[in-house]
Enquirer: 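Please read through the structure below; I'll follow up with questions.
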There are 2 protein chains.
Amino acid sequence: MSQQRTDSSASPAFPDLPEATVARLPEYLRALHTLAEQGHDTVSSEGLAAAAGVNSAKLRKDLSHLGSYGTRGVGYDVALLITQIEAVLGLSQHRTVALVGIGNLGHALAGYGGFASRGFSVAALFDAERAQVGERIGDLVVRHIDELAEVVAAEGISIGVITTPVHAAQHVADRLVAAGVTSILNFAPCVLAVPPGVDVRKVDLAVEMQILSFHEHRKALTALPVPRPAPNGRAGEAIGT
Amino acid sequence: MSQQRTDSSASPAFPDLPEATVARLPEYLRALHTLAEQGHDTVSSEGLAAAAGVNSAKLRKDLSHLGSYGTRGVGYDVALLITQIEAVLGLSQHRTVALVGIGNLGHALAGYGGFASRGFSVAALFDAERAQVGERIGDLVVRHIDELAEVVAAEGISIGVITTPVHAAQHVADRLVAAGVTSILNFAPCVLAVPPGVDVRKVDLAVEMQILSFHEHRKALTALPVPRPAPNGRAGEAIGT
DNA sequence: TAATGTGAACTAGTTCACAGCT
DNA sequence: AGCTGTGAACTAGTTCACATTA
């Protein structure tokens with residue numbers, strides 16, 4: 001998914017983490033915030049792992065890549081770990097987001113409160129349709145896509161979110177890139193072509209459902225073929241750990 | 001993410017695919033539909049791989065797990081491959097979805113047209129707040145969560161989508177499970193506890209952004225530390241393939 | 001000849017299990 | 001005593017490169 005590649009000369013202060021680890025850090029961060037709210041100021045790898053939905057060995061290995069922020073016999077300092085993870089993820093500087101495509105989904109994301117609390121603020125909304133332009137959502141007004149470059153520069157936008165229909169997505173991506181945006185979150189169900197150095201992540205709801213469908217289908221198939229007459233206990237249904 | 005595990009006794013008609021392959025099949029399917037619309041009735045691994053945003057070796061290996069549906073020297077029959085992938089994903093039977101939590105995001109998903117075209121239909125909407133219940137969205141009316149079990153049975157719901165606030169998510173998951181739902185797509189930023197045999201997938205928009213933020217941060221750090229005075233060519237910016 | 005299907009080599013990610021701190 | 005941090009073993013996933021087949 002990540003499309004850039006850098007040479008392996010990691011600065012000592014900034015080791016390049018395994019991609020799988022990077023993908024889990026936000027989850028740890030979320031879990032840590034929850035724990036902090038609940039008043040914990042220290043947590044064991046076991047405890048944090050449970051809160052984040054992974055096993056403790058994986059968690060310890062992940063955190064070890066950041067350096068040694070735990071205390072043997074005790075656990076991790078919650079506040080310290082939050083600070084460290086936020087630093088690594090680059091959340092110390094508050095990041096601003098531009099949303100392009102103010103349809104159903106765009107509206108929902110524009111109004112979503114969950115971003116601000118997690119290091120992001122939606123700083124601008126864009127659409128190509130005159131009908132949408134000028135509409136007020138929260139404390140933002142939808143602007144025309146032609147103003148993109150200007151606003152990206154003015155607001156220091158660092159992430160572009162595409163919530164347009166498929167047919168417009170590539171065009172919007174091109175304009176975002178031209179405006180200097182180097183990170184894109186794409187909700188349109190299509191592959192975007194972007195130059196090297198630009199990162200694209202894709203969220204496709206139908207894909208998620210189809211993956212679930214596969215497992216649902218498999219459960220149905222594996223439950224039936226061996227329809228033991230249930231002499232003892234319940235037959236069928238996939239087996240847990 | 002998938003939480004069920006089955007023994008490796010795969011029926012010959014239903015090999016158990018690598019999880020990574022399963023996660024890509026929906027993308028191939030989408031690409032194939034696009035190609036079909038454009039009038040292609042055959043496509044090479046190279047062509048399909050490009051359309052799906054992967055490399056061709058990976059694509060061929062993935063498809064080889066399904067069986068031999070290609071023709072050497074020619075490529076893959078688009079229509080045939082669509083049929084096969086849909087069969088494997090269990091999309092031959094149209095799946096119905098229940099959406100719980102009709103806030104911002106729930107509204108957007110309820111109104112999203114992209115599901116029907118990809119094998120799913122939203123068959124019911126639920127909320128716990130009296131304020132929402134009774135509201136009409138598209139051709140559905142929001143029902144109270146207490147009707148969940150009844151409707152799941154009546155409509156043969158196979159997937160539950162949670163778009164409630166965090167604090168309600170676990171409770172809703174419990175009720176979905178109690179109602180017999182064994183696949184859940186969770187948009188609430190928390191880990192859900194579910195019994196074995198129930199699959200949960202999570203979509204967290206803030207997590208996606210934080211991953212982008214990490215790479216953005218890294219680009220900034222790797223671009224600066226070696227600020228060559230640009231004797232020839234542009235300095236900085238992550239290097240492409 | 002052109003493109004699939006696949007063993008073999010390689011790379012990334014996970015889990016184990018325990019040494020080493022506090 | 002308890003919990004982290006980590007080498008080592010293992011497992012999953014990717015890529016290569018080519019034999020095979022239409």
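Proteins get letters first, then strands, A, B, ... in listed order; numbering begins at 1 in each. Hydrogens, waters and symmetry mates are skipped; everything else that's a heavy atom, side chains included, is used.
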Enquirer: Tell me the interatomic distance from A:Y69, atom OH, to D:dT6, atom P, rounded to whole angstroms.
Expert: 12 Å
Enquirer: Taking only the side-chain nitrogens and oxygens of B:N55, find out if one of them lies under 4.0 Å from OP1 or OP2 of D:dT15.
Expert: yes
Enquirer: Of all residues at least two apart in sequence or in a different chain, which pass the salt bridge (Lys or Arg N to Asp or Glu O under 4.0 Å) check with A:R175?
Expert: A:D146
Enquirer: Just to be sure I understand the geometry, which residues of residues 31-39 of chain A put a non-hydrogen atom under 4.0 Å away from DNA chain D?
Expert: none
Enquirer: Could you list the residues that satisfy salt bridge (Lys or Arg N to Asp or Glu O under 4.0 Å) with B:E27, not counting sequence neighbours?
Expert: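 For B:E27, the residues satisfying salt bridge (Lys or Arg N to Asp or Glu O under 4.0 Å) (neighbours in sequence not counted) are A:K202, B:R30.
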Enquirer: Would you kindly give the CG-to-C1' distance between A:D77 and D:dC3, to the nearest whole Å?
Expert: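 To the nearest whole Å, that distance equals 15 Å.
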Enquirer: Does any pair with a residue in residues 55-67 of chain B pass salt bridge (Lys or Arg N to Asp or Glu O under 4.0 Å), and if so which ones, sequence neighbours excluded?
Expert: B:R24-B:D62
Enquirer: Is it the case that B:Q38 and B:H33 place a side-chain donor and acceptor less than 3.5 Å from each other?
Expert: no
Enquirer: Show me the donor-acceptor pairs within less than 3.5 Å that the side chains of residues 72-80 of chain B make with the rest of the protein, sequence neighbours left out.
Expert:
{"from": "B:D77", "atom 1": "OD1", "to": "B:A79", "atom 2": "N", "distance (Å)": "3.1"}
{"from": "B:D77", "atom 1": "OD1", "to": "B:L80", "atom 2": "N", "distance (Å)": "2.8"}

Enquirer: Can you tell which of C:dG5, D:dT15, D:dT6 lies closest to the side chain of B:S68?
Expert: C:dG5
Enquirer: Calculate the interatomic distance between A:E19 atom CD and C:dT11 atom C1'; express it in whole Å.
Expert: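 To the nearest whole Å, that distance equals 15 Å.
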Enquirer: Can you name the side chain to side chain contact (heavy atoms under 4.5 Å, CB included) partners of A:P165, sequence neighbours left out?
Expert: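 Here the qualifying residues are A:H167.
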Enquirer: Return the value, rounded to whole Å, for the distance between atom CG of B:L63 and atom P of D:dT15.
Expert: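 For the pair B:L63 CG and D:dT15 P, the rounded distance is 15 Å.
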Enquirer: Please encode protein proximity along nucleotides 17-22 of chain C as a string of B, S and -, counting only heavy-atom distances under 4.0 Å.
Expert: B-BBBB
Enquirer: What is the distance from CG of A:L66 to C1' of D:dT4, rounded to the nearest Å?
Expert: 14 Å
Enquirer: Whole Å only: how far is the CD atom of B:Q84 from the C1' atom of C:dG5?
Expert: 16 Å
Enquirer: Rounded off to whole Å, could you give me the NE2-to-C1' distance for the A:H65 and D:dG5 pair?
Expert: 11 Å
Enquirer: Can you pull out every salt bridge (Lys or Arg N to Asp or Glu O under 4.0 Å) where at least one residue sits in residues 160-169 of chain B? Sequence neighbours excluded, please.
Expert: none
Enquirer: Sequence neighbours left out, what passes side chain to side chain donor-acceptor pair (under 3.5 Å) with B:T163? Give chain and number order.
Expert: none
Enquirer: Between B:S44 and A:P18, which is nearer to the 5' end of DNA chain C once each is assigned its nearest nucleotide?
Expert: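 By nearest-heavy-atom nucleotide position, the 5'-most residue is B:S44.
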Enquirer: Give me each pair satisfying salt bridge (Lys or Arg N to Asp or Glu O under 4.0 Å) with a member in residues 36-57 of chain A, each pair once, sequence neighbours excluded.
Expert: none
Enquirer: Would you check, one step at a time, whether the test salt bridge (charged side-chain N to carboxylate O under 4.0 Å, His left out) holds for B:D204 with A:R118?
Expert: CA-CA 11 Å; B:D204 187 327; A:R118 297 174 71 190; 3.1 Å; yes
Enquirer: Under 3.5 Å, is there a donor on one side chain and an acceptor on the other for B:S183 and A:E216?
Expert: yes
Enquirer: Between atom NZ in A:K61 and atom C1' in D:dT4, what is the gap in whole Å?
Expert: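 My rounded result for the distance is 12 Å.
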Enquirer: A:S121: what forms a side chain to side chain contact (heavy atoms under 4.5 Å, CB included) with it, not counting sequence neighbours?
Expert: A:H94, A:T96
Enquirer: Are B:Y76 and D:dA22 close enough that a side-chain N or O sits under 4.0 Å from OP1 or OP2?
Expert: no
Enquirer: Measure the angle between the two terminal helix axes of the helix from C:dT1-D:dA22 to C:dT22-D:dA1, five base pairs each, and quote it to 10°.
Expert: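 Taking the rotation axis at each end, their angle is 10°.
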